[in-house]
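The structure displayed is predicted, hence computed values, not measured ones. Side-chain atoms are counted along with the backbone in the values below, which use heavy atoms only and exclude waters and symmetry mates.
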Amino acid sequence: MIARIFERHRHPLFARRAAARPGCCSLNRRAPHLHLLDVGSSAMPLTPEQILNLDLSYPGISFGYESWALDSYLKVLEEQIDHARAQYRLRAERQLSLDRKGLEHHEYGSRLSEIDEAADSQIPRFFRIGAVVSVWGLFESSLTDFALYVGQREKVGLSFKDVRADSFRVQIEKYFEKVVRISIPWSVDERERLGRLHELRNFLAHRNGRLMDLPPESEKRIKDLVSRMSGIVIEGSTIAVSPEYVTDAAKLVFDCVGRFNQQLADKYVQPIPSAGTY
């Protein structure tokens, strides 16, 4: 039975790592953003009973899969953008060729300009906006799961959702560092960059990056935000995201969540006497 269980779960979760401390679980440091759990070591591997008693509800395991999936998506993002641009231009120009006889010269030129605008600006902008939203989504969902898990393990009566704060990042920081007394291994610069990413994400998600019809104070705040972010520009009345910013934002989230994931795993994800004891 045990042999069949191991065979069914032949998976990175149960991979050994020679550098691991004897008899503990650790996250994969070879790929900092993946953080799949490695179990055991060559010096003192875990017993089948210990492996079966691991706390598999630890959310860092799902972070490993989700970060891998997001990383894979981002690696092909620019290729997908190029493909979408080429396909759109091919179809649009083919249709324009069919319609050309019925168009005035200025109408034909206007249609060509619209095709160029869509292919060169709008398609890349929509793809990259979606990527930024997904990057922040990984951060928020992972930290939410961590907070719920730690609250259960520490038997804290106050949920992180009950903590009042101006932003999600500050709410998480208050909960971990003030309520459950666990330090978060992020620098001041990283916290500020996460805050700017969150604000940008909200504007992209709720306004699609468009500044039209914004109240003057809101427009000023967004322009000030953009001025402090490398790789983000305002083109006309819309925000454009560069591929470099998408890469930097993803690295920031992978690194910050990954280090905190490692810290929590070192603290909590140990072989336990029996499942469900907390």
Side-chain angles (χ1 to χ4, degrees), residues 33-34 65-142 193 196-254:
H33 63 281
L34 295 186
Y65 292 113
E66 291 172 4
S67 59
W68 175 86
L70 179 58
D71 187 46
S72 299
Y73 161 68
L74 295 178
K75 284 178 179 176
V76 300
L77 177 63
E78 292 304 313
E79 294 178 12
Q80 293 300 312
I81 290 175
D82 289 342
H83 177 74
R85 292 175 61 197
Q87 288 298 306
Y88 169 79
R89 189 180 291 278
L90 178 65
R91 294 169 184 171
E93 289 180 349
R94 181 185 299 156
Q95 185 61 48
L96 179 58
S97 179
L98 294 174
D99 297 342
R100 184 168 187 173
K101 290 183 179 180
L103 297 174
E104 298 290 338
H105 180 73
H106 71 278
E107 292 175 323
Y108 178 78
S110 178
R111 290 272 294 274
L112 274 179
S113 296
E114 290 173 0
I115 293 172
D116 289 340
E117 167 69 13
D120 297 338
S121 299
Q122 297 305 323
I123 289 175
R125 193 175 75 85
F126 275 99
F127 272 75
R128 293 175 190 144
I129 281 176
V132 171
V133 172
S134 295
V135 167
W136 177 261
L138 177 64
F139 176 84
E140 185 167 329
S141 62
S142 298
R193 289 167 60 201
R196 291 193 290 270
L197 170 59
H198 188 196
E199 192 171 353
L200 175 67
R201 174 268 172 200
N202 286 345
F203 186 73
L204 296 178
H206 299 299
R207 292 281 306 185
N208 202 23
R210 298 179 179 274
L211 279 71
M212 292 89 78
D213 303 322
L214 276 180
E217 290 185 3
S218 298
E219 182 177 350
K220 182 178 183 302
R221 185 175 67 253
I222 291 300
K223 288 182 175 179
D224 178 64
L225 173 68
V226 170
S227 70
R228 293 180 285 120
M229 301 181 73
S230 176
I232 306 296
V233 296
I234 296 176
E235 296 179 348
S237 58
T238 58
I239 285 180
V241 178
S242 71
E244 292 76 18
Y245 180 78
V246 174
T247 299
D248 289 346
K251 184 178 185 302
L252 173 68
V253 167
F254 289 153

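- Residue Leu74 holds its CG atom at 14.0 Å from NZ of Lys251, rounded to the nearest 0.5 Å.
- With sequence neighbours excluded, the residues forming a side-chain contact (heavy atoms from CB on, under 4.5 Å) with Tyr73 are Leu70, Leu77, Ala131, listed by chain and number.
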Test Lys223 against Glu219 for salt bridge (charged side-chain N to carboxylate O under 4.0 Å, His left out), laying out the working first.
-> CA-CA 6 Å; Lys223 288 182 175 179; Glu219 182 177 350; 2.9 Å; yes
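- More than 12 heavy atoms of other residues, nucleotides or ligands lie within 6.0 Å of CG in Asp224, so this atom counts as buried by the packing criterion.
- Using a 4.5 Å cut-off on side-chain heavy atoms (C-beta onward), Arg128 and Ile81 make contact.
- Between Arg89 and Asp120, the closest side-chain pair of non-hydrogen atoms falls below 4.5 Å.
- Remark: the backbone N or O of Arg94 is not paired with any side-chain donor or acceptor of Ser97 at under 3.5 angstrom.
- For Ala205, the side-chain contact (heavy atoms from CB on, under 4.5 Å) partners two or more places apart in sequence, or in a different chain, are Val133, Arg201.
- Here the shortest heavy-atom pairing between Pro243 and Glu78 reads CB-OE2, 3.4 Å.
- Residues meeting the salt bridge (charged side-chain N to carboxylate O under 4.0 Å, His left out) test with Glu199, sequence neighbours left out: Arg221.
- Remark: Ser110 pairs with Glu114 by the side-chain contact (heavy atoms from CB on, under 4.5 Å) rule, at least two apart or across chains.
- Residues Arg207 and Ile222 have side chains not in contact (no heavy-atom distance under 4.5 Å, counting atoms from C-beta outward).
- Taking the salt bridge (charged side-chain N to carboxylate O under 4.0 Å, His left out) definition, one finds that Glu117 meets it with nothing, sequence neighbours left out.
- Checked against side-chain contact (heavy atoms from CB on, under 4.5 Å), Arg196 has the following partners two or more places apart in sequence or in another chain: Glu192, Arg193, Leu225, Arg228, Met229.
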Begin with the C-alpha distance, continue with both residues' side-chain angles, and end with the deciding distance and a verdict on side chain to side chain contact (heavy atoms under 4.5 Å, CB included) for Ile129 and Ile239.
-> CA-CA 9 Å; Ile129 281 176; Ile239 285 180; over 6 Å; no
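- Here the CG atom belonging to Leu103 is positioned 9.0 Å from the CZ atom belonging to Arg100, to the nearest 0.5 angstrom.
- Side-chain contact between Asp71 and Lys75 is present, with at least one heavy-atom pair separated by less than 4.5 Å.
- When all heavy atoms are compared, the tightest approach of Ser141 to Leu138 is OG-O, 3.3 Å.
- Taking CG of Leu214 as the start and NZ of Lys220 as the end, the distance is 14.0 Å to the nearest 0.5 Å.
- The line from CD of Gln80 to CD1 of Ile123 is 12.5 Å long, rounded to the nearest 0.5 Å.
- A distance-only check finds no donor-acceptor pair linking the side chain of Ser142 to the backbone of Phe139 [under 3.5 Å].
- Looking at heavy atoms from C-beta onward, Tyr245 lies in side-chain contact with Leu197 at the 4.5 angstrom threshold.
- When side chains are defined from C-beta on, Ile232 counts as touching Val241, because their heavy atoms get closer than 4.5 Å.
- Of the inter-residue distances, the one linking Ser237 atom OG with Asp213 atom CG reads 9.5 Å to the nearest 0.5 angstrom.
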Working for side chain to side chain contact (heavy atoms under 4.5 Å, CB included), residues Asn208 and Phe126 = CA-CA 8 Å; Asn208 202 23; Phe126 275 99; 3.3 Å; yes
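- Closest heavy-atom contact between Pro124 and Ala119: CD-O, 3.5 Å.
- By the 4.5 Å heavy-atom criterion applied to side chains, Asn202 and Trp136 are not counted as neighbours.
- Arg85 CZ to Phe127 CZ: the interatomic distance, rounded to the nearest 0.5 Å, is 11.0 Å.
- Within a 6.0 Å sphere centred on NE2 of His206, heavy atoms belonging to other residues, nucleotides or ligands number more than 12.
- Considering only heavy atoms from C-beta on, Leu112 comes within 4.5 Å of Tyr108 through its side chain.
- The pair Glu93-Arg111 fails the salt-bridge criterion, with no side-chain N (NZ, NE, NH1 or NH2) lying under 4.0 Å from an Asp/Glu carboxylate O.
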